[in-house]
Amino acid sequence: MELKYGASREKPREDAAMQRFRGHRVGQFIHWGLYALPAGRWEGKDVEFAAEFLPRVAKVPQQRWEALANDFTLADFDAERWADTAVALGARYMTITTKHHDGFCLWPSAHTDFHMGNTPSGRDVLGELVAAYEARGIDVNFYYSVLDWRHPDWRFTLENDADNLAFARYLDFAMKQLEELAERYPSVKGFWFDGTWDESVKANGWWTWEVERMLKERLPGVVVNSRLRADDLGARHVDSNGLLMGDYESGYERRLPEPWDRSVAARDWEACMTIPQASWGYHQGPWAQSTLKHPWDVVDMIAHCTSLGGNFLLNFGPRGDGSMAPAEVEIARTVGEWLAVNGEAIYGCGYAEGWDYPGWGYFTRDSSTGKVFAVVTRAPASGRIRLELPTGLELVGLRLLGSGEYPFKGLADSVFEVELGGASNAGPRVFAVETSALAHPASEKEP
Ligand SMILES: C[C@@H]1N[C@@H](c2cn(-c3ccccc3)nn2)[C@H](O)[C@@H]1O
């Protein structure tokens with residue numbers, strides 16, 4: 001059907017900026033704002049919900065929430081140390097919350113009074129972060145919440161003319177802020193929109209189309225997530241003709257696609273994930289701190305996403321004083337050490353067409369060389385894996401990354417067995433899989 005505000009292309013982008021984003025595979029998400037100060041606790045009580053939702057869940061009066069800006073002293077904020085954590089993680093890009101749902105801005109915006117300029121330090125957090133991350137060759141993307149609990153013209157729904165007039169003012173405000181971000185930080189590589197699920201936004205697909213057009217006009221090559229977009233009929237992420245809007249699908253929040261669902265690999269996509277079970281902002285309570293993910297689970301998720309052609313964005317919630325949480329830094333280091341040895345199977349890799357989902361981990365394929373890797377993140381209790389190659393191939397060699405040639409045993413045409421032994425304290429094993437065409441392929445799969 002004819003759409004004015006539907007997808008702007010039918011096929012994935014193949015320009016250099018998109019290929020760069022696609023090849024990153026591992027990103028660092030950062031949720032930081034006033035919510036990091038109470039860190040999930042209000043009036044002495046832990047609120048067992050995402051820390052960035054505290055003002056809503058604890059029904060904090062607006063003035064008391066705004067007063068937190070006076071305590072946002074950045075006493076221990078050091079953009080260099082944050083960027084060092086991204087290097088330790090092995091992240092190739094970082095996405096920072098410029099404004100979350102509470103409306104507080106990490107840059108001195110000219111369009112509101114609720115921003116860093118009106119805090120004790122007055123520091124331009126975004127400017128310091130862009131400089132520190134780009135000095136290390138790490139691309140910076142901006143998260144921006146369209147949903148804004150504080151702005152008087154925000155509306156969840158549009159019931160009457162007054163609502164429409166107010167929300168039009170709000171959309172104008174948000175557009176001006178986005179123009180301001182593009183103007184102030186022109187090296188930014190992408191925008192990650194959130195808070196676009198309400199009826200008010202879905203009824204204004206034109207505005208979401210205009211935002212994407214404006215950003216791409218001002219910042220050639222910039223990458224925009226599908227979550228921004230609604231089409232003429234209010235369809236989100238994918239338009240009413242089934243085409244992806246924006247440059248990559250961004251619906252996977254704290255969840256991943258089924259590892260055998262190869263249909264996912266047809267599009268660019270990204271999954272974002274918390275380290276605690278369910279808080280993006282730093283939450284000090286045992287409700288969150290007792291649920292931190294194991295580094296090898298993070299590695300499994302990274303390989304899972306890569307195997308289906310997606311990026312993995314791991315979230316960090318710095319504390320109210322600006323310091324990174326030590327437990328999260330430790331996880332970053334362990335994952336980064338694994339990537340330092342095995343990143344060959346992740347960075348610049350994607351879906352291995354023809355290689356069935358093996359169950360004990362994932363196959364990935366280097367998008368440039370075609371080299372295939374077996375990432376064993378779920379070793380069977382037997383301590384050995386069956387390596388089933390696409391029909392007609394035989395296994396010429398296995399190379400354990402970080403080590404060297406590795407033995408295997410033939411079981412049948414295109415089926416081999418690899419003895420792993422027990423778990424390795426270096427984490428999930430990765431094998432480079434070298435194959436050649438079978439001299440006499442079996443006429444058909446065995447019964
Ligand atoms: C990327 C993540 N998206 C934000 C979010 C999630 N949600 C939400 C709302 C209703 C149900 C489930 C999730 N609302 N806002 C989270 O606060 C975080 O920023």
Side-chain angles (χ1 to χ4, degrees), residues 26-40 42 47-60 65 68 91 93-106 125-126 129 140-151 154-157 174 177 181 190-202 208 223-230 236-237 246 248-257 269-285 287-288 291 293 298 301 305 310-318 320 325 328:
V26 182
Q28 179 190 42
F29 213 167
I30 297 183
H31 277 68
W32 198 47
L34 301 183
Y35 43 77
L37 286 164
W42 196 255
V47 177
E48 297 189 349
F49 201 83
E52 70 281 2
F53 266 72
L54 188 68
R56 300 290 280 186
V57 178
K59 297 184 173 48
V60 178
W65 190 258
L68 289 171
Y93 66 107
M94 182 274 278
T95 301
I96 176 71
T97 50
T98 64
K99 174 176 80 95
H100 203 264
H101 306 339
D102 69 345
F104 182 74
C105 301
L106 287 188
V125 167
L126 285 196
L129 288 171
V140 175
N141 293 357
F142 286 161
Y143 164 111
Y144 183 88
S145 174
V146 177
L147 164 59
D148 188 317
W149 295 325
R150 178 178 184 266
H151 197 288
W154 166 264
R155 295 291 184 280
F156 290 97
T157 58
Q177 282 207 314
L181 285 170
F191 279 78
W192 203 103
F193 288 93
D194 200 8
T196 53
W197 42 79
D198 289 297
E199 291 313 311
S200 52
V201 181
K202 291 198 290 188
T208 73
V223 175
V224 177
N225 70 334
S226 64
R227 198 177 287 211
L228 162 66
R229 301 282 278 97
R236 294 182 62 233
H237 294 276
Y248 62 96
E249 207 280 312
S250 62
Y252 294 107
E253 177 175 322
R254 292 199 303 121
R255 65 186 177 92
L256 299 183
W269 61 280
E270 176 198 73
C272 58
M273 191 61 67
T274 50
I275 289 180
Q277 176 54 28
S279 185
W280 298 86
Y282 178 65
H283 192 301
Q284 62 188 305
W287 171 78
T291 69
K293 289 178 180 62
V298 173
M301 294 177 192
C305 290
N311 283 5
F312 182 74
L313 188 62
L314 181 65
N315 183 69
F316 290 73
E328 295 190 350

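Note: hydrogens, waters and symmetry copies are ignored here, and every other heavy atom, side chains too, is used. Please read all numbers here as calculations on a predicted model, not as lab measurements. Start at 1 and go down the list; that is how both ligands and their atoms are numbered.
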Using ring pair (Phe, Tyr, Trp, His ring centres under 6.0 Å) as the criterion, list what pairs up with Phe312, not counting sequence neighbours.
none
Which residues share a ring pair (Phe, Tyr, Trp, His ring centres under 6.0 Å) with Trp287, sequence neighbours left out:
His283
Report the C-alpha distance between Phe53 and His101 in whole Å, list the side-chain angles of each, state the deciding distance to 0.1 Å, and finish with yes or no for ring-ring contact (aromatic ring centres under 6.0 Å, His included).
CA-CA 8 Å; Phe53 266 72; His101 306 339; 5.6 Å; yes
Below 30° counts as parallel, above 60° as perpendicular, anything between as tilted: where do the rings of Trp192 and Tyr143 land?
parallel
Which parts of the protein, at residue level, reach under 4.0 Å of ligand 1 through a heavy atom?
His31, Glu52, Phe53, His100, His101, Tyr143, Trp192, Asp194, Trp197, Glu253, Trp280
Thr97 side, atom OG1; Trp32 side, atom CH2 - distance, nearest 0.5 Å
9.5 Å
Just to verify, what does Tyr248 make a ring pair (Phe, Tyr, Trp, His ring centres under 6.0 Å) with, not counting sequence neighbours?
Phe21
